[in-house]
Amino acid sequence: MVMVQNPESTEYDGMPRNAIGTGLVDYELPPAEMPAYLIAYVTHAFGKPGRPATAPAPRAENAMKKIFILLRAQTGHDFSQYKPSTIQRRIERRMAIHQIETIDGYVTYAQQAPAEVEALFRDLLIGVTSFFPRPGGVRGVSGACHSTAF
């Protein structure tokens, strides 16, 4: 969950605007409202007992299919073959942010809010660029290895 102070409520708005510019902010709030949102999020996300790792119920499976259809229709990407536990964690995170209790409730919300489908899509993507070092760094290392080996 990403929470940022809204720029209008701060003396210097550079950091909040930069965070908002990433598109990854879940809550943009004045400081006085932050504690209540944080408590509600934590209570919703972590206040439930863990579920046993069992096969999903037919109703949940149907909801997942609907989510995959929404994602494919809006983004052109098919996530139906992704690891189920990863998909489930991302959806649960989105549900906690919006205080949605059931997967069916989340499907209804996502159907009515295209921005939510985009947010789920971003959550599902892997930050591949963080795996690659700076371009100059690779050349320097490969040159050092090459000269040492030969």
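Note that these values count all heavy atoms, side chains included, but never hydrogens, waters or copies made by symmetry.
Within 6.0 Å of atom CD in E8, more than 12 heavy atoms from other residues, nucleotides or ligands are found, so the atom counts as buried in its surroundings. No more than 12 heavy atoms of other residues, nucleotides or ligands shown are found within 6.0 angstrom of CE on M15.
A donor-acceptor pair is defined here as one N or O able to donate and one able to accept, closer than 3.5 Å; no such pair exists between the side chain of E116 and the backbone of L120. A donor-acceptor pair is defined here as one N or O able to donate and one able to accept, closer than 3.5 Å; such a pair exists between the side chain of Q99 and the backbone of A40. At distances below 3.5 Å, not a single donor-acceptor pair connects side-chain atoms of T10 with backbone N or O atoms of P7. A donor-acceptor distance shorter than 3.5 angstrom exists from the side chain of Q74 to the backbone of P114, with no hydrogens or angles considered.
For the residue pair A96 and Y41, the shortest heavy atom distance occurs at CB-CE1, 3.5 Å. A pairwise comparison of heavy atoms in I103 and M95 identifies N-CE, 3.7 Å as the closest pair. Residues V4 and P16 share a closest heavy-atom pair of CG2-CA, 3.6 Å.
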Residues Y106, I67; criterion side chain to side chain contact (heavy atoms under 4.5 Å, CB included); working and verdict: CA-CA 9 Å; Y106 183 74; I67 291 170; 3.8 Å; yes
Pair Q88-M64, side chain to side chain contact (heavy atoms under 4.5 Å, CB included): steps then yes or no: CA-CA 9 Å; Q88 188 65 35; M64 294 298 287; 3.9 Å; yes
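For the pair D123 and R90, the salt-bridge criterion is not met [side-chain N within less than 4.0 Å of a carboxylate O].
R89 pairs by the salt bridge (Lys or Arg N to Asp or Glu O under 4.0 Å) definition with nothing, not counting sequence neighbours. The side-chain contact (heavy atoms from CB on, under 4.5 Å) search around L70 returns A110, Q111, V117, not counting sequence neighbours.
Proximity of E118 to T75: side-chain heavy atoms (C-beta onward) are separated by under 4.5 Å at one or more points. Side-chain contact check for L124 versus L71: some heavy-atom pair is nearer than 4.5 Å.
Side-chain contacts under 4.5 Å among hydrophobic residues (ILVMFWY), followed directly or transitively, place I69 with no other residue at all. Here L24 is tied to no hydrophobic group at all, with no ILVMFWY side chain closer than 4.5 Å.
Atom CZ in R72 sits 6.0 Å away from atom OG in S80 (nearest 0.5 Å). The CD atom of Q5 sits 9.5 Å away from atom CD1 of I20, with the distance rounded to the nearest 0.5 Å.
Within the structure, salt bridge (Lys or Arg N to Asp or Glu O under 4.0 Å) contacts touching residues 16-27 (residues at least two apart or in different chains) are D13-R17, D26-R93, D26-R94.
Both F121 and V107 belong to a single network of hydrophobic side chains, linked directly or stepwise wherever heavy atoms of I, L, V, M, F, W or Y lie under 4.5 Å apart. Transitive grouping of hydrophobic side chains (ILVMFWY, heavy atoms separated by less than 4.5 Å) brings L125 and F68 into a common cluster.
H98 and Y109 have tilted rings, their planes meeting at an angle from 30° to 60° on a 0 to 90° scale.
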Under 3.5 Å, which donor-acceptor pairs link side chains of residues 28-39 to any protein atom two or more places apart or in another chain?
none

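Using a 3.5 Å distance cut-off with no hydrogens or angles, the side chains of D104 and T102 do not pair a donor with an acceptor.
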